[in-house]
Q: 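So that we are looking at the same thing, I have put the structure below in structure tokens.
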Amino acid sequence: MGILSGLRSLGLGSLENVSLFEEPKKKEAEKAEQAVAAKVEEKDLIYDRSFVCPVCDSSFTAKLMKSNKAKLLGTDPDLRARYDGIDAAKYEVVMCPICGYAALMRYFTGITSGQAKLIKEKISQTVRIKPYEGETYSYEEAQKRYKLALVGAVVKHAKTSERAYICLKYAWLTRGYVESLREEEQPDEKLIAELESQENELLENAYKGFTEARQTEMFPMCGMNEVTVDYLLAVLASRFTDFDVSLKLLGSIITSRSANPRIKDKARDMKEHVTREMKKHQE
Ligand SMILES: [Zn+2]
């Protein structure tokens, strides 16, 4: 007698022999089907937004990510968010294709007339930008945008934190570029090595910049509160083998009264990781 026998008397005879749990194989197949159905395309996760350039008054459009539509897959230790079907870092720089003024979205409009004058003098007069026709930004195009944002930040004497933040996001772009190259059948190893060395240099500059900004600027910094910046610095410090600095920052997060439990947990995990790395380094 099966546990479901007698269902017939309830008018459910066809269900008497139903298996209680789905066959694992079938489940896998369903999952694969769902994955195909849910395959999102980069072009569907972006939109064109109009801007008026605060330096040259031209109107232009830039592609931005629809952040409410992109599905978050996870976060790298240095807080880089990974999304399904799109590399967010490609769409963070707004660039005027007429005068070459570029900045991260959050800083684009906040430019003084003195800074605009500097951009005009030192960038606009000589810059030449080829129009970009692609439906989505290629990595090369995104690299160009970051380079202009970084050089623009130097020319306009941007705060140290803004420069450091550009370096951090540019490093994330470079990491995404490498990830995309590795998915190819025959990855260009030479280009990968070059990009990895670039990423390292960018992170080193982000580390240097945020270390300085933490001592000279107020929070929030680049939209991050003090605990978040400290966490980021701890991760970067560990990468560049400043283990004592890293552990000190993590310790202050773990014992902080204002830090939320989520970041405290992350800090505890990172502390274990850093302690292990430190031992490896000493061997
Ligand atoms: Zn412009």
Side-chain angles (χ1 to χ4, degrees), residues 42-70 80-81 83 86-177 195 198-199 201-202 205-206 209-210 213 217 220-224:
E42 185 167 342
K43 66 177 171 61
D44 298 325
L45 296 172
I46 55 172
Y47 67 104
D48 281 330
R49 179 160 156 191
S50 305
F51 289 89
V52 174
C53 177
V55 172
C56 73
D57 290 327
S58 305
S59 296
F60 66 93
T61 62
K63 297 180 192 302
L64 298 179
M65 187 174 93
K66 295 175 185 167
S67 44
N68 55 347
K69 240 189 135 185
R80 169 192 177 228
Y83 294 93
I86 188 166
D87 185 345
K90 277 183 181 179
Y91 298 94
E92 304 235 16
V93 174
V94 178
M95 179 194 79
C96 170
I98 317 295
C99 73
Y101 168 55
L104 290 174
M105 175 65 192
R106 68 165 48 242
Y107 298 107
F108 189 75
T109 50
I111 181 169
T112 66
S113 55
Q115 287 176 319
K117 198 166 160 263
L118 288 167
I119 296 282
K120 274 184 196 160
E121 285 169 10
K122 298 200 167 135
I123 291 184
S124 310
Q125 287 193 1
T126 48
V127 78
R128 258 187 225 111
I129 297 167
K130 278 193 216 139
Y132 184 74
E133 306 288 353
E135 198 173 13
T136 59
Y137 289 147
S138 63
Y139 275 104
E140 291 84 355
E141 173 68 13
Q143 280 180 316
K144 180 182 86 186
R145 302 171 77 85
Y146 274 97
K147 281 176 201 168
L148 276 171
L150 195 50
V151 84
V154 173
V155 163
K156 74 177 183 186
H157 304 300
K159 278 189 187 171
T160 309
S161 59
E162 182 180 340
R163 299 182 209 203
Y165 204 38
I166 299 169
C167 289
L168 180 67
K169 300 225 163 192
Y170 191 0
W172 293 350
L173 177 88
T174 310
R175 192 179 309 158
Y177 195 177
L195 289 167
Q198 259 179 37
E199 185 196 340
E201 196 184 329
L202 286 163
N205 279 295
F210 277 120
E217 295 180 29
M221 190 181 285
C222 314
M224 295 182 281

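Note that this is a predicted model, so its numbers are computed, not measured. Just so you know, ligand 1 is whichever comes first in the structure, and atom 1 is the first atom listed for that ligand.
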Q: Closer than 2.8 Å to the Zn ion (ligand 1): how many protein N, O or S atoms are there?
A: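 That number is 4, waters not included.
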Q: Consider only side-chain N and O atoms of Tyr146 and Glu92, and report whether a donor and an acceptor are under 3.5 Å apart.
A: no
Q: Cut-off 3.5 Å, side chains only: do Tyr165 and Arg106 have a donor facing an acceptor?
A: no
Q: Side-chain contact, heavy-atom cut-off 4.5 Å: Glu140 with Tyr132?
A: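 The answer is no; the side chains never approach within 4.5 Å.
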Q: Taking the side chain as every heavy atom from C-beta outward, state whether Glu162 and Lys156 have any atom pair closer than 4.5 Å.
A: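 Counting from C-beta outward, Glu162 and Lys156 do come under 4.5 Å.
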Q: What orientation do Tyr139 and Tyr177 show, parallel under 30°, tilted 30 to 60°, or perpendicular over 60°?
A: parallel
Q: Looking at every heavy atom in both Gly223 and Pro220, which two are closest together, and how far apart are they?
A: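 Heavy-atom minimum between the residues: C-CB, 4.5 Å.
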